[in-house]
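Shown next, in structure tokens, is the structure this report addresses.
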Protein chains: 2
Amino acid sequence: MINSLTEENYLKALFNIANQSGEVNVAELSKTLDIKMPTVTSMMKKLAKKKLVHYESYKPLRLTEKGRKEAGLIIRKHRLTEMFLVEKMNLGWEDVHDIAEQIEHIQSPVFFEKMDEMLDYPKVDPHGSPIPDSKGKVVWKDYSKLSDCEAGDTVRLSAVIKTTSEFLKLLNGKGMYLGLKIKIKSIEPFDKSIVISYDKRNAEVLSNLVCERLLVEKIV
Amino acid sequence: MINSLTEENYLKALFNIANQSGEVNVAELSKTLDIKMPTVTSMMKKLAKKKLVHYESYKPLRLTEKGRKEAGLIIRKHRLTEMFLVEKMNLGWEDVHDIAEQIEHIQSPVFFEKMDEMLDYPKVDPHGSPIPDSKGKVVWKDYSKLSDCEAGDTVRLSAVIKTTSEFLKLLNGKGMYLGLKIKIKSIEPFDKSIVISYDKRNAEVLSNLVCERLLVEKIV
DNA sequence: AAAATTTGTTAGATTCGTCTAACTTTATAC
DNA sequence: GTATAAAGTTAGACGAATCTAACAAATTTT
Ligand SMILES: [Mn+2]
Ligand SMILES: [Mn+2]
Ligand SMILES: [Mn+2]
Ligand SMILES: [Mn+2]
């Protein structure tokens, strides 16, 4: 019982936008996939029949265990692909998402096993998101948002989220990359913009909008 | 005006099974794609409307110049992918076709340009088939079939055709590969099977069915 | 608590790619 | 040259995935 490319994209979206308790609203899913709500409803009934989604009228959507596993495996292929494209094909982290969005649907265990092996079994993708294991399980480390840190903190940039190509190009322009050590010099109370120093740069300013997309680990 | 995956597969099949004059019968295409004739007819009308195919009732099908170009570009992606999988990912030549069949539909010029570059602009795929250029043009060298050679000939194995996975595994089992120098020792008149020597092997027997799938260049 | 808004469902239509059944045209056999 | 077979087309149906319009339920505002 194989899922269509379309079904795979619904599963993946359900997985990605689930809140802490695993719930997703129809409107949210509709917006994410840019597909009208009635279409989403009918697809949810279909996925419910395939035991991939828990569906009850007017209740929030939830992936079943089976659905969560299948979604995880697609996301695994997506993130392995992104890592492969960056590490083995020298594409920029801002270029790989759209390609991975397509390659994640390739049916070929050996192809992705080979990628995994060539990359030496990576744990995270080029944006710092964890790569689900071969059972579809994934765990996020508990990073903080840079926007939640305080002046004086020293942190390491560990992941970037809500990564559009434009956002990643902004980071490229500022010479920022995963693993970068950052010192927070000050925070502007008015707009929560911050001033940081890193590498040879001494007073770069980041808007709050940027800081909310940067996940960091505090360094002792 | 982008073509669907389905349309791409029709174009590719038309390209691949065209005879010398570029003609293809509906029944042939139907058989190749494993799609019933009425479906093929209606798709041909659709492709004719898109100026990709010349279609007249009861006449053989022919790709237009435009159709031939688009088909060539898909086959280019297919063969580049096969080469990449063999050269850069260490898959066997018997394993790559099914993966390439899917990846050929990926929309991302940069992805395939990168492959091309990493492979140093290869001219042929792992089975010896020529890779169409970036305009979709392709030329076959004029190889002979091994089945058309004579006892005493010395030849180089240059390409393999009608390559199923089983056939390629047979060649693996016999230690045969592209570029191999082969001496024809004798030909059995009854069934046209041949005895050859190559590398350290001194009397391997190949059936006519095998020889018809091996393309060779005669060595002076 | 009534009104207004947002969220979600139902019903019915549309496009794509496929099929089967029935018919027509072309090619082959006798 | 007629009969038979093969190849090709037409007509009508169907499932998948989408949409719009209309309606219903749930939530928020007043
Ligand atoms: Mn991505
Ligand atoms: Mn996708
Ligand atoms: Mn191939
Ligand atoms: Mn294909």
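In what follows, every heavy atom counts, from backbone to side chain, and hydrogens, waters and symmetry copies are set aside. Please read these numbers as outputs of a predicted model, since none were measured by experiment.
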Would the number of heavy atoms belonging to other residues, nucleotides or ligands and lying under 6.0 Å from [atom1] of [X] be above 12?
{"X": "A:Lys66", "atom1": "NZ", "answer": "yes"}
{"X": "B:Lys174", "atom1": "NZ", "answer": "yes"}
{"X": "A:Lys123", "atom1": "NZ", "answer": "no"}

Atom [atom1] of [X] and atom [atom2] of [N]: how far apart are they, to the nearest Å?
{"X": "B:Asp34", "N": "C:dC19", "atom1": "CG", "atom2": "C1'", "answer": "12 Å"}
{"X": "B:Asn25", "N": "D:dT9", "atom1": "CG", "atom2": "P", "answer": "10 Å"}
{"X": "B:Lys59", "N": "C:dT24", "atom1": "NZ", "atom2": "C1'", "answer": "16 Å"}
{"X": "B:Glu28", "N": "D:dG8", "atom1": "CD", "atom2": "C1'", "answer": "14 Å"}
{"X": "B:Asn3", "N": "C:dC16", "atom1": "CG", "atom2": "C1'", "answer": "14 Å"}
{"X": "B:Glu7", "N": "C:dT15", "atom1": "CD", "atom2": "C1'", "answer": "12 Å"}
{"X": "B:Lys36", "N": "C:dC19", "atom1": "NZ", "atom2": "P", "answer": "5 Å"}
{"X": "A:Met37", "N": "D:dA22", "atom1": "CE", "atom2": "C1'", "answer": "13 Å"}

Side chain of [X] only, please: which of [options] is the nearest?
{"X": "B:Thr41", "options": "D:dT18, C:dT9, D:dT9", "answer": "D:dT9"}
{"X": "B:Thr6", "options": "D:dT9, C:dG8, C:dT18", "answer": "C:dT18"}
{"X": "A:Ile35", "options": "D:dC19, D:dT10, C:dG8", "answer": "D:dC19"}
{"X": "A:Tyr58", "options": "D:dA25, D:dA21, C:dT7", "answer": "D:dA25"}

When all nucleic acid strands are considered with a 4.0 Å heavy-atom cut-off, which category describes [X]: base, sugar-phosphate, or nothing?
{"X": "B:Thr39", "result": "base"}
{"X": "A:Lys45", "result": "sugar-phosphate"}
{"X": "B:Ser4", "result": "sugar-phosphate"}

- Item | Most 5' of B:Ser57 and A:Ser57 on DNA chain D, judged by nearest nucleotide |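 Its nearest nucleotide lies further toward 5', so the answer is B:Ser57.
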
- Message: So, does B:Tyr10 get its side chain near the phosphate of C:dT18, meaning an N or O under 4.0 Å from OP1 or OP2?
- Response: yes

- Query: Do B:His97 and B:His127 have ring centroids that are under 6.0 Å from one another?
  - Reply: no

- Is B:Glu23 salt-bridged to B:Lys59, cutoff N-O under 4.0 Å? no

